Amino acid sequence: MPRDSKQIQVTLPDGTSRMVPVGCTAAEALSGSGGAASREVLAVKLNGVLTDLSTVLTGDASLAPITFESPEGQDVYRHSSTHIMAQAVKEVFPTAQLAIGPAIEEGFYYDFAFERPFTPEDLDKIEARAHEIIKADRPFKRMEMSRQDAIRFFRQRGESYKVDILEHIEDQTASLYSQGEFVDLCRGPHVPSTGRVTALKLLSGAGAYWRGDERNPMLQRIYGTSFPTQAALDAHLAKLEEIKRRDHRKLGKELDLITMQDEIGPGLVLWHPKGALIRLLIENFWREQHLQQGYELVYSPHIARLDLWRTSGHLDYYRENMFVPMKVEASEYQLKPMNCPFHIMIYKSHLRSYRDLPIRYGELGTVYRYERTGVLHGLLRVRGFTQDDAHLFCRPDQIEAEVGRVLDFTFFVLRTFGFSEFELYLSTRPEKAVGSTERWAQATSALEAALKGRGVSYRIDPGEGVFYGPKVDIKIKDVLGRAWQCSTVQVDFNNPERFELAYIGEDGKPHQPIMIHRALMGSIERFFGILLEHYAGAFPTWLAPVQAKALCITEKQRNYAETVVGQLKAAGCRAEADLRNEKIGFKIREAEKAKIPYMLVIGDREVEQGTVAVRGRSGANLGSMAVPAVIDLIRADLPQTMSAR
RNA sequence: GCUGGCGUAGCUCAAUCGGCAGAGCAGCGGUUUUGUAAACCGCAGGUUGGAGGUUCGAUUCCUCUCGCCAGCUCCA
């Protein structure tokens, strides 16, 4: 086919290619001759680089349309959205200065320098103006200028934060985007015009420091989100409502599981009987499984001499998270922020042989950390909490196998609690680190080998390791798709050195063991909070504080109901009876609100037949059955053990 | 720690401009004996987070303080 010199070849993701005139835009090339690309297409990847649809093609190229379906598409969409909001802010409040406004997961924000915080009424006004800007469908136009020109431009407009940004960038050219009167410094790309943003909503205002540094001035941030359809936006808002509905602080109080009270102190948790029972069940499961997995369980005190923390290095590296020491007799004592030094001292209490390794000490160890008041958050961030901690002492050649065992164990435990989606991160050597590069390399590759051996996918967080060694973090995804970090496996070269740990090798000489810190649930408090939200308070039967409640229709069935509860309790089930003089509808409502898995309705009919009418949570009618069948139902939910898998 | 918002009965929330602090639920007493998400009547419940100030008078305005919430920063 003869090739016209004024034509270029574009290749599409499906492998097909077409000839288009040189100088046409990416949008035109995607749609064929003349017309514009379809409305769903927001931007384009030109030879792998994300760019505007209005980009003029100058040579042969591969073109991939970008829609809201892809994370990049969402990014572009939200980025354009935040420009629209910024324009609205400038129009409603001309004295506001622009700082920075990126797209974030599920939305966007923009920071402004403004003389006061934005009120909800301000947000309404801004949102209304943003909708007008969308309706006006103004095109996003890209222009480029030299850095110096851009600095002059923004200085003239009084946008000192933009000037600050420009003064810190390396590039000698800057790109600006405008829609109508509004001009912003921006790398781009953007959607073709403001009308592409269909459904936009401003959510909240908050303070934020310029460049995230508390020494800098406080800016006013506005959060918002946007979607290609009103239905998608509504669904997102419904999800935000759902998150509120599941808030563990609310559910914890409603279900009478835990409270945190002024009189006790911030970040300190009271476990009420039902919450404590759930915790006990979690801990019992944990202990059983650890014993089965070759861990030895230990206990350690809550305080220790300050010197111990000096030896461990916590005093140097962790002091700001520790409560102030207390003076006792002639020495100072420290409330423990971690359990490791104690486990180390247990290791050190004997001379160890290579034959003893690996040694695995586990403890549900309660630690106290001084957290700044602003970071405390329900059960998810507290000052006193119990770690499901363990420290493994092993030879360097055992790291991979030990980490592998920990990973298997972690997945088993997390799955038992109902989590099936995980995100794994391997964190490598940070700039400030102890231990030789060879040791780091060896340990990192051992971690990597353990991960690969499990066939799980993971991401690398370069330089995010702890100073004492590389680590693997596991995040769980809850039922709403939110990721929570719980589990961590950390290799430690530092403590064996500091505490001069040793084992006697085959050669009869002392060698230094490697230490591995690991937690599966992280903190019981935090894990409990996550579980509470994951299940919206409706814990699986094996964890439910009350598994079955006998509800008699009238007081006539009291004795029978008590017998039923007695039989269930004798079989190891957690059962209660509601014998009050109340209507059955009322009793069911209360049991339902308490999220009890099985309601056993008992009237004359059931007494006569020797059965109970079983009602599941949220109204399921499971029919009438005798008590042994109910016991089977409850027992069926008990977790498997790791070895029985 | 910083910025902003908020603290009223056990819980959820009212109280106009500074003018007698109220409701529903829960609790207690009684009536009702009931078939799958709220029976009815009554009673009781408060130093309005705490301290100080302004005022004839403060839940309301001011200062300080404690706590909670959102965000920044940090993190199990």
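Residue numbering restarts at 1 for every chain, and letters A, B, ... go by the order of the sequence lines. Computed from a prediction, not measured in an experiment: that's the story for all the values here.
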Checking B:U3, B:G35, B:A37 against the side chain of A:Met218 (C-beta onward), the nearest is B:U3

Please determine, for B:U48, whether a Watson-Crick or G-U wobble partner exists with both distances under 3.5 Å, and give it or none.
none

May I ask you to say what A:Val367 touches in the nucleic acid, namely base, sugar-phosphate or nothing, with a heavy-atom cut-off under 4.0 Å?
nothing

N or O in side chain of A:Ser204 less than 4.0 angstrom from B:A70 OP1/OP2:
no

Just to confirm, is there a sub-4.0 Å distance from OP1 or OP2 of B:C68 to any side-chain nitrogen or oxygen of A:His377?
no

Closest to the A:Ala208 side chain, choosing from B:A37, B:C2, B:C72:
B:C72

Donor-acceptor pair, distance only, cut-off 3.5 Å: does the side chain of A:Thr488 make one with the backbone of A:Asp473?
no

What's the verdict on side-chain contact (heavy atoms from CB on, under 4.5 Å) for A:Cys552 and A:Asp578, showing C-alpha distance, side-chain angles and the deciding distance?
CA-CA 7 Å; A:Cys552 53; A:Asp578 186 345; over 6 Å; no

Whole-Å distance between B:U36 P and A:Ile596 CD1?
19 Å

Looking only at the aromatic ring of each residue, does the gap between the centers of A:Phe422 and A:Phe411 stay below 6.0 angstrom?
yes

For B:A15 and B:G7, measure between their P atoms and round to the nearest Å.
11 Å

Does A:Ala613 reach a base, just sugar-phosphate, or nothing at all? Heavy atoms under 4.0 Å.
base

Would you tabulate the pairs of protein nitrogen or oxygen atoms and nucleotide nitrogen or oxygen atoms of nucleotides 7-13 of chain B closer than 3.5 angstrom?
none

Who does B:C20 pair with, Watson-Crick or G-U, both distances under 3.5 Å?
none

Below 30° counts as parallel, above 60° as perpendicular, anything between as tilted: where do the rings of A:His391 and A:His343 land?
perpendicular

Over all strands shown, is A:Ile584 touching base, sugar-phosphate only, or nothing at heavy-atom distances under 4.0 angstrom?
sugar-phosphate

Please determine, for B:G1, whether a Watson-Crick or G-U wobble partner exists with both distances under 3.5 Å, and give it or none.
B:C72

Base paired to B:U36 (Watson-Crick or G-U; both N/O distances under 3.5 angstrom)
none

Which class fits the ring pair A:His79 and A:His83: parallel under 30°, tilted 30 to 60°, perpendicular over 60°?
perpendicular

Looking at B:G71, does its base get a donor-acceptor pair with the side chain of A:Gln220 below 3.5 Å?
no

Partner nucleotide, any strand, of B:G27 [Watson-Crick/G-U, under 3.5 Å]:
B:C43

Can you tell which of B:A37, B:C2, B:U33 lies closest to the side chain of A:Thr554?
B:U33

Would A:Lys336 and A:Phe342 count as a cation-pi pair here, with the cationic atom under 6.0 angstrom from the ring centre and within 45° of the axis?
yes

At under 4.0 Å between heavy atoms, what does A:Arg221 touch on the DNA or RNA strands: base, sugar-phosphate, or nothing?
sugar-phosphate

Check the phosphate of B:U36 against A:Tyr598, side-chain N and O only, distance under 4.0 Å to OP1 or OP2. Yes or no?
no

With a non-hydrogen cut-off below 4.0 angstrom, is A:Glu263 in contact with a base, only sugar-phosphate, or nothing?
nothing

Under 3.5 Å donor-acceptor pairs involving side-chain atoms of residues 523-533 of chain A, not counting sequence neighbours:
from     : atom 1 : to       : atom 2 : distance (Å)
A:Ser523 : OG     : A:Glu525 : N      : 3.3
A:Ser523 : OG     : A:Arg526 : N      : 2.9
A:Glu525 : OE1    : A:Thr386 : N      : 2.9
A:Arg526 : NE     : A:Gln485 : O      : 3.0
A:Arg526 : NH1    : A:Leu380 : O      : 3.4
A:Arg526 : NH2    : A:Gln485 : O      : 3.0
A:Glu533 : OE1    : A:Arg482 : NH1    : 3.2
A:Glu533 : OE1    : A:Arg482 : NH2    : 3.1
A:Glu533 : OE2    : A:His248 : N      : 2.8
A:Glu533 : OE2    : A:His248 : ND1    : 2.8

When the distance from CD of A:Gln490 to P of B:C75 is rounded to whole Å, what number comes out?
12 Å

What's the closest nucleotide to the A:Glu592 side chain, out of B:G71, B:C72, B:A37?
B:A37

Answer with base, sugar-phosphate or nothing: what part of the nucleic acid does A:Glu555 contact at a heavy-atom distance below 4.0 Å?
base

With rounding to the nearest 0.5 Å, note down the distance linking CZ in A:Phe493 to OH in A:Tyr468.
11.5 Å

Pairing partner (Watson-Crick or G-U wobble, both distances under 3.5 angstrom) of B:C61
B:G53

Basic-acidic side-chain contact under 4.0 Å: A:Glu159, A:Lys90
yes

Counting the atoms with a prime plus P, OP1 and OP2 as sugar-phosphate, which does A:Gly374 contact under 4.0 Å by heavy atoms, base, sugar-phosphate, or nothing?
base

Can you tell me the distance, in whole Å, between the NZ atom of A:Lys587 and the C1' atom of B:A38?
14 Å

Across every strand shown, the nucleotide meeting Watson-Crick or G-U wobble geometry with B:G7 (both distances under 3.5 Å) is B:C66

Nearest-nucleotide 5' precedence on RNA chain B, A:Phe385 against A:Met260:
A:Met260

The answer to which of A:Glu371 and A:Pro266 contacts RNA chain B further toward the 5' end, by nearest nucleotide, is A:Pro266

Would you indicate, yes or no, if B:A70 has its OP1 or OP2 atom less than 4.0 angstrom from a side-chain nitrogen or oxygen of A:Arg249?
yes

What integer distance in Å separates A:Asp461:CG from B:C75:P?
12 Å

Can you see whether A:Tyr109 has A:Arg221 sitting over its ring - NZ or CZ less than 6.0 Å from the centre and within 45° of the normal?
yes

Salt bridge flag under 4.0 Å for residues A:Arg279 and A:Glu283:
yes

So A:Asn621, base contact, sugar-phosphate only, or nothing? Heavy-atom distance under 4.0 Å.
nothing

Applying a 3.5 Å limit to both distances, which nucleotide forms a Watson-Crick or G-U wobble pair with B:A14?
none

Between P on B:G35 and NZ on A:Lys549, what's the gap in Å once rounded to a whole number?
20 Å

For A:Arg383 and B:G67, give me the distance from atom CZ to atom C1', rounded to whole Å.
11 Å

Looking at B:A38, does its base get a donor-acceptor pair with the side chain of A:Arg589 below 3.5 Å?
yes

Under 4.0 Å between any heavy atoms, over every strand shown, what does A:Tyr223 touch: base, sugar-phosphate, or nothing? Just pick one.
sugar-phosphate

Is the shortest side-chain N/O distance from A:Arg615 to OP1 or OP2 of B:A37 below 4.0 Å?
yes

Just how far, in rounded Å, is P of B:A70 from CG of A:Leu380?
10 Å

Rounded to whole angstrom units, what separation is found between the CZ atom of A:Phe586 and the P atom of B:C40?
11 Å

